[in-house]
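Counting convention: from 1, in listed order, for ligands and their atoms alike. Positions are given from 1 along the sequence. Being a predicted model, the structure only gives us computed values, none of them experimental.
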Amino acid sequence: MTIRTLLIADLHLVSHEVEKNQLFEKFCQQAESADQVFILGDLFNTWLGDDLSAPHYAQTLLTLKALSSKTKVLIMTGNRDFLLAHEFARQTNCQLIDSPYLLETSGHQYVLTHGDELCTDDESYQQMKSILQHPITKFIFVRLPKKWRLKLSGQLRQKSINAQQNKSKEIMDVNPSAVNELMKKYPGADLIHGHTHRLNTHVEKTFTRYVLGDWSAAQGNAIEITDQLNRLEIR
Ligand SMILES: [Mn+2]
């Protein structure tokens, strides 16, 4: 029997962007017939803790819950929604998975990751990430009053936008040595990641690197793995 796997990433859903949310709902309805669905990070544009953000995305959570009642839904966090946690998983019945995740299907292995940890040329970003995503920081942040969290995240977002404007495109892409280092640990496997918003397929010497693209309100993209790997356009 052929297993059908679907993978998406980088939807960056915002609750008031109705059209993109509808496109995601449409995808989820079509994904019900798959055997498993992977979301490889940044499903949400911001997530400031389950208690604060879940009510803003009530409809999305219902959509995920409906999907997970039909098929397995596995979610990896990205750099925008790294605070997704137990309460989110409980409400949606989705499984949160760590990165990298090794997917074995149809006799082939795929390393799954969001992709930001491969962008090692962006040193200031990696430094920021190591502080923000440190377990202690996360522990403290989600316990701060909601108002403080909103204010802090707004300030951080502005800093990040300002910082990005001064960075070259190369710096914000994956670093080839970081990719090779990762893939050395998984001989024979291919790599699937998102984050860079540069939908493409890179055939390297010993593996292929499939990059998922981000979603707009009008169009999304997915990877489908059955006996082979296909790209899907979501409209
Ligand atoms: Mn990202």
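- No side-chain donor-acceptor contact under 3.5 Å links Arg4 to the backbone of Thr226.
- Residue Asp10 does not count as close to the Mn ion (ligand 1), with no N, O or S atom under 2.8 Å.
- Nearest N/O/S atom of Asp42 with respect to the Mn ion (ligand 1) is recorded as OD2.
- The Mn ion (ligand 1) is the vertex of the angle joining OD1 of Asn79 and NE2 of His114, which measures 90° to the nearest 10°.
- Checked against the 6.0 Å centroid criterion, the rings of Trp47 and Phe82 do not qualify as a close aromatic pair.
- The nearest N/O/S atom of His195 to the Mn ion (ligand 1) is ND1.
- Ring centroids of Tyr110 and Tyr186 are separated by 6.0 Å or more, keeping the two rings apart.
- The main-chain N or O of Leu84 is never found under 3.5 Å from a side-chain atom of Asp81 such that the two would form a donor-acceptor pair.
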